[in-house]
Amino acid sequence: RVTSAFDSDTKLVGQQVDKLDVRDIAELEDTLSNSPVDIGIVAVPAVEAQSVIDRLIACDVKAILNYAPVASHVPRGVYIRHIDPVLVMQSMTFYLKAQE
(Lines give C-alpha, C1' and ligand atoms only; values in the text may rest on other atoms or scores of the structure.)
Protein backbone atom coordinates (compact mmCIF):
# COMPACT_ATOMS: atom_id res chain seq x y z
CA ARG A 1 0.00 0.00 0.00
CA VAL A 2 1.44 3.36 -1.03
CA THR A 3 0.80 5.90 1.71
CA SER A 4 2.60 9.05 0.59
CA ALA A 5 4.03 10.71 -2.49
CA PHE A 6 6.55 13.55 -2.57
CA ASP A 7 7.99 15.77 -5.27
CA SER A 8 10.05 18.92 -5.58
CA ASP A 9 8.24 20.10 -8.72
CA THR A 10 5.86 22.88 -7.65
CA LYS A 11 3.58 21.99 -10.58
CA LEU A 12 3.02 18.53 -9.08
CA VAL A 13 2.86 19.42 -5.39
CA GLY A 14 -0.76 19.57 -4.33
CA GLN A 15 -1.95 17.44 -7.25
CA GLN A 16 -3.73 14.18 -6.58
CA VAL A 17 -2.40 10.90 -7.99
CA ASP A 18 -4.60 7.85 -7.43
CA LYS A 19 -6.13 9.29 -4.25
CA LEU A 20 -2.75 10.44 -2.91
CA ASP A 21 -1.93 14.10 -2.49
CA VAL A 22 1.55 14.86 -3.78
CA ARG A 23 3.40 16.61 -0.96
CA ASP A 24 6.40 18.87 -1.09
CA ILE A 25 9.62 16.90 -0.56
CA ALA A 26 10.39 19.34 2.26
CA GLU A 27 7.65 17.58 4.25
CA LEU A 28 9.31 14.15 3.99
CA GLU A 29 10.86 13.97 7.45
CA ASP A 30 7.83 15.40 9.28
CA THR A 31 5.46 13.07 7.45
CA LEU A 32 7.53 9.95 8.06
CA SER A 33 8.12 10.81 11.71
CA ASN A 34 4.33 10.90 12.20
CA SER A 35 3.59 7.94 9.91
CA PRO A 36 6.63 5.66 9.56
CA VAL A 37 6.97 3.40 6.52
CA ASP A 38 8.92 0.21 5.90
CA ILE A 39 9.74 0.70 2.23
CA GLY A 40 10.68 3.82 0.28
CA ILE A 41 10.49 4.09 -3.50
CA VAL A 42 12.95 6.47 -5.15
CA ALA A 43 12.18 7.69 -8.67
CA VAL A 44 14.26 10.83 -9.05
CA PRO A 45 17.04 12.06 -11.35
CA ALA A 46 20.38 10.35 -10.69
CA VAL A 47 21.93 13.48 -9.17
CA GLU A 48 19.20 13.57 -6.49
CA ALA A 49 19.01 9.85 -5.68
CA GLN A 50 21.63 9.54 -2.94
CA SER A 51 20.31 12.61 -1.15
CA VAL A 52 16.75 11.26 -1.12
CA ILE A 53 17.96 7.81 -0.06
CA ASP A 54 19.95 9.36 2.79
CA ARG A 55 16.85 11.22 3.94
CA LEU A 56 14.78 8.02 3.89
CA ILE A 57 17.44 6.21 5.91
CA ALA A 58 17.45 9.07 8.43
CA CYS A 59 13.70 8.44 8.76
CA ASP A 60 14.46 4.79 9.64
CA VAL A 61 13.28 3.34 6.33
CA LYS A 62 14.87 -0.13 6.11
CA ALA A 63 14.10 -1.12 2.50
CA ILE A 64 14.42 1.04 -0.62
CA LEU A 65 13.41 0.41 -4.21
CA ASN A 66 15.59 2.66 -6.35
CA TYR A 67 14.48 3.47 -9.91
CA ALA A 68 17.11 6.19 -10.33
CA PRO A 69 19.85 5.21 -12.78
CA VAL A 70 22.63 5.23 -10.18
CA ALA A 71 24.07 2.72 -7.74
CA SER A 72 23.46 4.33 -4.37
CA HIS A 73 25.06 3.38 -1.08
CA VAL A 74 23.25 2.41 2.10
CA PRO A 75 24.49 1.36 5.53
CA ARG A 76 24.31 -2.16 6.91
CA GLY A 77 20.81 -3.11 7.89
CA VAL A 78 19.18 -1.27 4.99
CA TYR A 79 18.17 -3.30 1.94
CA ILE A 80 18.23 -1.53 -1.42
CA ARG A 81 17.13 -2.89 -4.78
CA HIS A 82 18.21 -1.04 -7.92
CA ILE A 83 15.87 -1.23 -10.89
CA ASP A 84 16.93 0.25 -14.20
CA PRO A 85 13.73 0.74 -16.23
CA VAL A 86 15.69 0.92 -19.50
CA LEU A 87 17.32 -2.46 -18.91
CA VAL A 88 14.00 -3.97 -17.90
CA MET A 89 12.40 -2.67 -21.10
CA GLN A 90 15.26 -4.08 -23.17
CA SER A 91 14.85 -7.50 -21.57
CA MET A 92 11.11 -7.39 -22.25
CA THR A 93 11.77 -6.51 -25.89
CA PHE A 94 14.20 -9.43 -26.13
CA TYR A 95 11.53 -11.73 -24.66
CA LEU A 96 8.88 -10.51 -27.11
CA LYS A 97 11.20 -11.01 -30.10
CA ALA A 98 12.00 -14.53 -28.93
CA GLN A 99 8.27 -15.30 -28.99
CA GLU A 100 7.93 -14.36 -32.69
[X] [atom1] to [Y] [atom2] distance, which is reported to the nearest 0.5 Å:
X: Gln15; Y: Thr10; atom1: CD; atom2: OG1; answer: 10.5 Å
X: Asp24; Y: Leu12; atom1: CG; atom2: CG; answer: 11.0 Å
X: Ser72; Y: Ile80; atom1: OG; atom2: CD1; answer: 5.0 Å
X: Asp21; Y: Lys19; atom1: CG; atom2: NZ; answer: 12.5 Å

CD1 of Ile39: more than 12 outside heavy atoms within 6.0 angstrom?
-> no
Step by step, would you call Asp38 with Val61 a side chain to side chain contact (heavy atoms under 4.5 Å, CB included)?
-> CA-CA 5 Å; Asp38 296 318; Val61 174; over 6 Å; no
When every non-hydrogen atom of Leu20 is compared with those of Ser4, the smallest separation belongs to CD2-N, 4.2 Å
What are the two closest heavy atoms between Val22 and Phe6, and how far apart are they?
-> CG1-C, 4.2 Å
With no hydrogens and no angle check, is any side-chain donor or acceptor of Ser35 less than 3.5 Å from a backbone partner on Leu32?
-> no
Just wondering, do Tyr67 and Ile41 contact through their side chains at under 4.5 Å, heavy atoms?
-> yes
Listed once per pair and sorted, the side-chain hydrogen bond (donor to acceptor under 3.5 Å, both in side chains) pairs that draw on residues 78-89, sequence neighbours left out | Asn66-His82
Report the C-alpha distance between Val42 and Leu65 in whole Å, list the side-chain angles of each, state the deciding distance to 0.1 Å, and finish with yes or no for side chain to side chain contact (heavy atoms under 4.5 Å, CB included).
-> CA-CA 6 Å; Val42 177; Leu65 183 59; over 6 Å; no
Let me have the donor-acceptor pairs involving side chains of residues 44-57, under 3.5 Å, with sequence neighbours excluded, atom names and distances please.
residue, atom, partner, partner atom, Å
Gln50, OE1, His73, N, 2.9
Gln50, NE2, Asp54, OD1, 2.8
Gln50, NE2, His73, O, 2.9
Arg55, NE, Glu29, OE2, 2.7
Arg55, NH2, Ile25, O, 2.9
Arg55, NH2, Glu29, OE1, 2.8
Arg55, NH2, Glu29, OE2, 3.4

Please identify each residue that fulfils side-chain hydrogen bond (donor to acceptor under 3.5 Å, both in side chains) with Asp60, with sequence neighbours left out.
-> Lys62
ILVMFWY cluster, Leu28 and Val74 together (side-chain gap under 4.5 Å) = yes
